[in-house]
Amino acid sequence: MLTAPLRQHNGIFEDRAFTRPAPNSELSCAILVVGGSTAAYTAALVAARANLSVCLVQPTQILGGQFTVQALPASDDGDLLKERAGAFHRAGEEFAISPLQRWFRDRQRQLQPVQGEVLQNPGGGWVSPICTSPVVSAIALNEAIAPCLERGTLRFIPFAEPVEVQFVTPPGGRRRVTGVVFQDLQRGHRFTISAQITIEATDLGDLLEVGNIPSRVGQETREETGEQALPKHPLPECQQSFTYGAVIELAEPGKGKPIGAPPGYNVAPWLLAADFEADFWTKSGGQWEPQPRPFLHPFGIFRYRRLIRVSTQEKLVKPGDVSVLNWGQHQHGEGGPMLCGNDYRVGELVGVSREERKLHLKQGRDRARAYVHYLQQRGIPLKPRGDLTWTADGIALEPYIREARRGIALTPILHEDVAKAFFPDQARARCFADSVGIGQYHYLDLHGNDRQGHASLPGDKVIALPFTLPVGSLVPIDTDGLVLSSKSLGTTHITNAAYRMHPVEWAIGEASGYLAALAVWAGVQPRAIALQEPLLRKLQGLITRNGIPIFWFDDVSHSDPDFEPIQVMATAGIVRSETTTDLHFRPENTVTRAVVSTAMVKLLNLSPTTPDQPTFSDVPKNHWAHPYIEALAAAGLIAGVGRGRFAPESPITREQLSFLVKKAAPDAYDRAFARTPIDRQSLRRRELSRVLYEVMKVVLKN
């Protein structure tokens, strides 16, 4: 425990915030988080806030991954997260992300006012609804985690990477991770950390490689995943490209600061000036615009990811504005060549030797430098801003990683679970019953490298619907003591392209942190939580109690007093939407007897029945709720008198629900109606979720 509050400078904590293990030392903790990704940060934060002892080990002394050391604090948000999203005019930040992530975004805005005014998008980049500098992001992230460091629940160990994974294999049992051996990157020595649960949150899935834990690299086969868009043969070299972001300021004419060409400029195939572009071609109404948008156009490349702006007028580009160059491949007009910015496409970082990785990292960094040089040679006055990247030249400390080695998980997330083509006329992709998070990006954003054979995803097969995060994707198929996080969870080459985005990776980290925490508290393995319903619902309750959405609704804020029951009951498939064609829950709508019957049958695990002799004369066999109504009747919970009437579409009252609950689960009665009046008012949908959630806890002995 620290005796005085921690200070930070330019987004870096003072030295006493760090733990630097001695040579051959052995440390222990409840939860070990390995990696410097965004998910590593959020996993460590939520676990440490839960008052568990946590060690976070990463390669740098700057927290945050994509937002900071990768110089990409322009969040890749889906449309639903953008301001004023949703038919009910709630800001997307109220229902699409957690309160913790929303706090981070609000704090970024506060820390970077524009002319003294706090704006929704401080940087004003046109691709993202919130852009700030990497340093501002780091300061905000540090503020949230500093109390955990001061309290001693978190030890932050920088400048280290894993070199060995330690296991035990009980007789007749499954191999279990017990600890990790690390190498200090500055001092060269090794140290060991043992933990009850280890979280793999590296940006490249390195812990899986070091531990020889079942995993996949690059593009899988159709046989491996079942995804029909894949070929019959594996293509591990087909990976997403990576990018070194370059943070540059627009200077006054003639006041730019040349970055200089890297060695091999215009000679090495990854440094050819002819492959770069400054203008942005785009289509309007399906047709190419007659002229490209210049670099400094209000919707050109410079403002694409602008991080700092001088003017409160969002579309105005002025000297003093700062942007990060992170520009992929685009066609140069109708039938023109495919040109590129600073994406590095000639090699890969995963599944290669460390020597080859280092070579590609150097070449990728050179490419970013070459792109800045190319733009400067075109007369654009740019000035590198190394003070914002913790480097001398304004090029990011680490590359922006789009794809990692992926663990083989209990639940793989497939193309058929996410793409619009497989959910016609529906608002959501697959709603996993074991969901522990949500995400959305409008398409599967594959930045392929230059290897041949990348899968083609035409039409609706590349469009991604709002999706969920199954807890089974965080659990390795044959290894205990380990949680998969960041980009190493059980996605595929295709689905990783949607799950890799900033808000989703944040949510993945939160989910993996809470999964690890519950495993420690309950003294069980993560797979037990994934496979045993009482533990699964307990985890979902823990997550939603902290405001984290696990099911897609656009009209239920994480501040709603019934957020937890609505979210858990929807995920469990007991009380969901009135229709699958929108994202609305309609919490204030009344509830019919048919809906209650269906929910009760699912909750009590009764078998839907279709008897030859119907119990009620007004519920025909072709009525959608008929088997559920009959199941309740067969269980003696409702009764028809001489084939009486049930009125399935009639509203049910709170009192009528209370009779049903008292008969079906008397032990849950008082608990179920603690916050709901028992009267003859029509029952509302939020109340049904609230009541049945408490019944479910009793049924599951939670």
Side-chain angles (χ1 to χ4, degrees), residues 200 202-243 269-270 275 328-331 338 340 342-361 363-364 367 399-409 411-419 421-422 441 443-464 473 476-477 484 486-501:
E200 204 301 338
T202 66
D203 265 306
L204 292 169
D206 285 344
L207 199 64
L208 300 174
E209 181 182 23
V210 169
N212 196 28
I213 296 165
S215 60
R216 293 188 178 122
V217 172
Q219 187 169 276
E220 306 92 336
T221 69
R222 189 181 308 168
E223 182 178 349
E224 284 177 316
T225 70
E227 294 168 307
Q228 294 304 301
L230 291 180
K232 294 181 179 179
H233 304 288
L235 294 170
E237 298 86 5
C238 283
Q239 300 176 24
Q240 291 206 60
S241 59
F242 68 90
T243 308
W270 60 90
D275 290 341
Q329 188 181 71
H330 293 269
Q331 190 171 22
M338 296 298 289
C340 196
N342 47 330
D343 273 13
Y344 179 80
R345 304 179 63 246
V346 301
E348 54 276 350
L349 302 179
V350 183
V352 299
S353 68
R354 288 296 186 269
E355 290 72 22
E356 185 174 346
R357 177 186 289 183
K358 289 178 181 178
L359 175 64
H360 287 307
L361 288 172
Q363 292 177 176
R367 182 173 178 87
Y400 173 52
I401 300 297
R402 296 187 177 88
E403 184 171 350
R405 178 182 295 273
R406 297 176 298 279
I408 299 177
T411 305
I413 304 169
L414 308 180
H415 184 212
E416 285 78 359
D417 296 326
V418 174
F422 306 106
Y441 197 66
Y443 72 111
L444 293 152
D445 189 12
L446 284 158
H447 285 238
N449 59 13
D450 65 357
R451 305 295 189 178
Q452 297 299 309
H454 285 275
S456 175
L457 303 176
D460 283 353
K461 290 187 177 180
V462 77
I463 304 300
S473 69
I477 195 167
L484 304 173
S486 189
K487 301 174 186 70
S488 66
L489 76 164
T491 55
T492 66
H493 174 68
I494 292 176
T495 56
N496 164 76
Y499 281 72
R500 68 176 173 82
M501 303 304 175

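Values below: every heavy atom of this structure, side chains too, minus hydrogens, waters and symmetry copies. It should be emphasised that the depicted structure is a prediction, and the values quoted were computed from it without experimental measurement.
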query = Is Leu361 close to Pro399 at the side-chain level, that is, under 4.5 Å between some pair of heavy atoms?
reply = yes
ask   = Does any non-hydrogen side-chain atom of Val350 lie less than 4.5 Å from one of Glu403?
value = no
query = Are Arg405 and Asp206 close enough, and set up right, to give a salt bridge (Lys or Arg N to Asp or Glu O under 4.0 Å), and what steps lead you there?
reply = CA-CA 7 Å; Arg405 178 182 295 273; Asp206 285 344; over 6 Å; no
ask   = When you look at CD of Glu224, are more than 12 heavy atoms from neighbouring residues, nucleotides or ligands closer to it than 6.0 Å?
value = yes
request  = Apply side-chain hydrogen bond (donor to acceptor under 3.5 Å, both in side chains) to Arg402 and Thr243, showing your working.
outcome  = CA-CA 9 Å; Arg402 296 187 177 88; Thr243 308; 3.0 Å; yes
message = If I compare all heavy atoms of His454 with all of Arg451, which pair ends up nearest, and what's the gap?
response = CD2-O, 3.1 Å
Any Leu230 side-chain heavy atom under 4.5 Å of Ile494 side chain = yes
task = For the residue pair His447 and Arg500, establish whether any side-chain heavy-atom pair is separated by less than 4.5 Å.
result = yes
ask   = Taking atom CG of Leu207 and atom OG of Ser215, what is their separation to the nearest 0.5 Å?
value = 10.5 Å
message = Which heavy atom of Cys238 sits nearest to which heavy atom of Gly453, and what is that distance?
response = SG-C, 4.0 Å
ask   = If you round to the nearest 0.5 Å, how far is CG of Asp450 from CH2 of Trp270?
value = 11.5 Å
task = Quick one: closest heavy-atom pair of Asp460 and Ala419, and the distance?
result = O-CB, 4.0 Å
Atom of Ser488, atom of Gly205 and distance for their closest heavy-atom approach = CB-CA, 4.2 Å
message = Do Val217 and Glu348 make a side-chain contact, defined as non-hydrogen atoms from C-beta onward lying under 4.5 Å apart?
response = no
inquiry  = Measuring only between side-chain heavy atoms, which start at C-beta, is Lys232 closer than 4.5 Å to Thr221?
reply    = no
inquiry  = Side chains of His493 and Glu220: any donor to acceptor distance under 3.5 Å?
reply    = no
inquiry  = Please verify the inter-ring angle class for Phe422 with His415; under 30° counts as parallel, over 60° as perpendicular, anything in between as tilted.
reply    = perpendicular
message = Looking at Glu237, is its backbone amide N or carbonyl O close enough to the side chain of Asn449 to form a donor-acceptor pair, meaning the two atoms are under 3.5 Å apart?
response = yes
query = Between Asp275 and Arg367, does at least one N-O distance fall below 4.0 Å, as a salt bridge requires?
reply = no
inquiry  = If you compare all heavy atoms of Thr202 against all heavy atoms of Ser486, which two are closest, and at what distance to 0.1 Å?
reply    = O-OG, 3.6 Å
request  = Output the distance between atom CD1 (Ile463) and atom OH (Tyr441), rounded to the nearest 0.5 Å.
outcome  = 11.5 Å
task = Could you grab the distance from atom CG of Leu484 to atom CD1 of Ile477, nearest 0.5 Å is fine?
result = 11.0 Å
request  = Test salt bridge (Lys or Arg N to Asp or Glu O under 4.0 Å) on Arg354 and Glu209 and set out the steps.
outcome  = CA-CA 12 Å; Arg354 288 296 186 269; Glu209 181 182 23; 3.1 Å; yes
message = Do Pro231 and Gln219 have side chains that approach each other closer than 4.5 Å (heavy atoms only, starting at C-beta)?
response = yes
ask   = Going from OG1 on Thr492 to CD1 on Ile408, what distance comes out if it is rounded to the nearest 0.5 angstrom?
value = 12.0 Å
Thr495 side-chain N/O to Ile413 backbone N/O, donor-acceptor pair under 3.5 Å = yes
Closest approach of Ile401 to Leu204 (non-hydrogen atoms, all atoms of both residues) = CG2-CD2, 3.6 Å
ask   = Backbone N or O of Gln228 within a donor-acceptor pair of the Glu416 side chain at under 3.5 Å?
value = yes
CZ on Arg406 to CD on Glu200, rounded to 0.5 Å = 12.5 Å
